[in-house]
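Accompanying notes for the structure given below.
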Amino acid sequence: MALEKELTEEEITEKGNPKKPEGEYGSLMLRRMNRTHQPLTKWALGFLNFKPDDTILDIGCGGGNTLKLINEYNPQAKLYGADYSDVSIDETIKYNKDLIDNNVLEVYKADVEKLPFRDNTFSKIITVESFYFWPNQKENLKEVLRVLKPHGHLLVVNDVYDTGTLTEKELFNVKKYNLKIRTEDEYKELFHQAGFKDIRTHKMDGEDWMVIDGQKK
Ligand SMILES: C[S@@+](CC[C@H](N)C(=O)[O-])C[C@H]1O[C@@H](n2cnc3c(N)ncnc32)[C@H](O)[C@@H]1O
């Protein structure tokens, strides 16, 4: 595509705005993320312990590939996507048209600050490469807890966290996009303060990948 040839990946990301994707560059960036986030997402989905009667929400669904993968792993689950960017909603809908047409997936434009779902709706909630943008992480986690069913799981999936040894490029991006990243212990404490139980973390050798898994009491 012409737009892609003119700019580097970094420039497309900058113009596309990963915090709230916008415009044609936002679409391009999300389609790229569908590919580049796939290994991280597949690894993380291995911790979700799917059940056929699951009702699953993806917050910050972006280009929609996480939802597509969940459907491949658990075709019987009812799926929901939420994102506060119009471009992300459009991309998720285009990418998963068949799932929407078959009533497997519903997509909502929504901010994690106030989710348009009833209490105790979801057995599982996942968010991939989005949590570090959330404005009030502790309060946002409480909102997630509200819509989770008792014993339901939240998986927060990041490919950057505070390791104390981030590269210059990673530190540059953390600053540039104002990413709110924490150490493993700080994530656990945050989940604990928000009211989660059985908080576990998983890390991938050789990568800065982390899953934080919390359960509703
Ligand atoms: C870097 S993209 C990741 C998209 C997708 N999850 C993936 O892994 O490719 C971050 C997404 O989170 C969404 N997002 C960020 N803050 C949000 C918020 N407060 N409420 C809802 N969505 C949010 C953005 O609009 C964007 O679509």
Side-chain angles (χ1 to χ4, degrees), residues 9-48 56-73 79-96 99 105-117 122 124-147 154-161 170 173-174 176-181 194 204 207-212:
E9 275 194 8
E10 281 82 9
E11 287 166 335
I12 290 173
T13 302
E14 193 170 337
K15 284 184 182 285
N17 187 7
K19 181 172 184 170
K20 192 168 189 179
E22 53 200 28
E24 285 177 87
Y25 290 106
S27 293
L28 271 181
M29 176 190 69
L30 289 169
R31 283 178 222 150
R32 187 192 71 221
M33 285 179 179
N34 275 349
R35 298 191 305 273
T36 56
H37 293 173
Q38 177 147 303
L40 166 74
T41 306
K42 283 188 163 176
W43 170 74
L45 289 177
F47 299 107
L48 258 188
I56 305 177
L57 171 66
D58 177 18
I59 303 176
C61 52
N65 192 43
T66 300
L67 290 161
K68 188 178 276 292
L69 289 172
I70 293 173
N71 174 259
E72 283 170 18
Y73 294 151
L79 305 183
Y80 293 79
D83 201 297
Y84 70 172
S85 149
D86 286 319
V87 171
S88 296
I89 294 296
D90 287 351
E91 287 300 319
T92 292
I93 290 173
K94 270 191 269 173
Y95 195 69
N96 291 292
L99 297 185
L105 169 64
E106 292 177 27
V107 182
Y108 290 82
K109 185 180 173 191
D111 193 316
V112 69
E113 297 252 76
K114 193 172 187 320
L115 293 167
F117 306 110
F122 301 102
K124 293 178 174 103
I125 299 181
I126 187 166
T127 183
V128 181
E129 301 284 64
S130 181
F131 187 71
Y132 40 58
F133 294 124
W134 294 7
N136 302 298
Q137 291 178 329
K138 199 203 296 182
E139 291 309 308
N140 302 153
L141 285 175
K142 289 183 186 169
E143 175 66 352
V144 169
L145 269 177
R146 181 184 69 74
V147 300
L154 167 69
L155 243 59
V156 168
V157 183
N158 295 328
D159 80 349
V160 58
Y161 64 99
E170 286 168 328
N173 280 330
V174 167
K176 181 174 177 121
Y177 295 108
N178 193 20
L179 305 183
K180 292 190 212 69
I181 58 164
M204 174 61 130
E207 306 277 359
D208 292 337
W209 295 356
M210 186 186 287
V211 165
I212 308 112

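What you are looking at is a predicted structure, and each value in this text was computed from that prediction instead of being measured. Start at 1 and go down the list; that is how both ligands and their atoms are numbered.
- Ion pairing between Arg31 and Glu91 holds under the 4.0 Å rule for side-chain N and carboxylate O.
- Close N/O approach between Val112 and ligand 1 is found [any backbone or side-chain N/O within under 3.5 Å].
- Of all protein heavy atoms, the one lying nearest to atom 8 (O) of ligand 1 is His37 ND1, 2.8 Å.
- In this structure, Trp209 and Trp43 have tilted ring planes: the angle between them lies in the 30° to 60° band.
- Nearest non-hydrogen protein atom to atom 1 (C) of ligand 1 is Glu129 O, 3.3 Å.
- For ligand 1 and Met33, the ligand atoms under 4.0 Å from any heavy atom of the residue are 1 (C), 2 (S), 9 (O).
- Of the possible donor and acceptor atoms, one in the side chain of Asn34 sits under 3.5 Å from a partner among the backbone N and O of Asn65.
- Contact annotation: for Lys19 versus ligand 1, heavy atoms closer than 4.0 Å belong to the backbone alone.
- Atom 27 (O) of ligand 1 has its nearest heavy-atom neighbour, among Thr92, Asp111, Ile89, Asp83, in Asp83.
- Using a 4.0 Å cut-off between heavy atoms, Ala110 contacts ligand 1 through its backbone alone, with no side-chain atom that close.
- In this structure, Glu170 places its CD atom where more than 12 heavy-atom neighbours from other residues, nucleotides or ligands lie under 6.0 Å away.
- By the 3.5 Å distance cut-off applied to N or O atoms, Ser130 is counted among the residues near ligand 1.
- Taking each of Ser85, Gly60, Pro21 in turn, the one with a heavy atom nearest to atom 26 (C) of ligand 1 proves to be Pro21.
- Ligand 1 lies within reach of Pro18, whose nearest heavy atom is under 4.0 Å from it.
- For the pair Phe133/Tyr177, a side-chain contact is recorded, criterion being any heavy-atom separation below 4.5 Å from C-beta on.
- For Lys42, the NZ atom is loosely surrounded, since the number of other residues' heavy atoms within 6.0 Å does not exceed 12.
- Here the side chains of Thr13 and Arg32 are in contact, with some heavy-atom distance below 4.5 Å.
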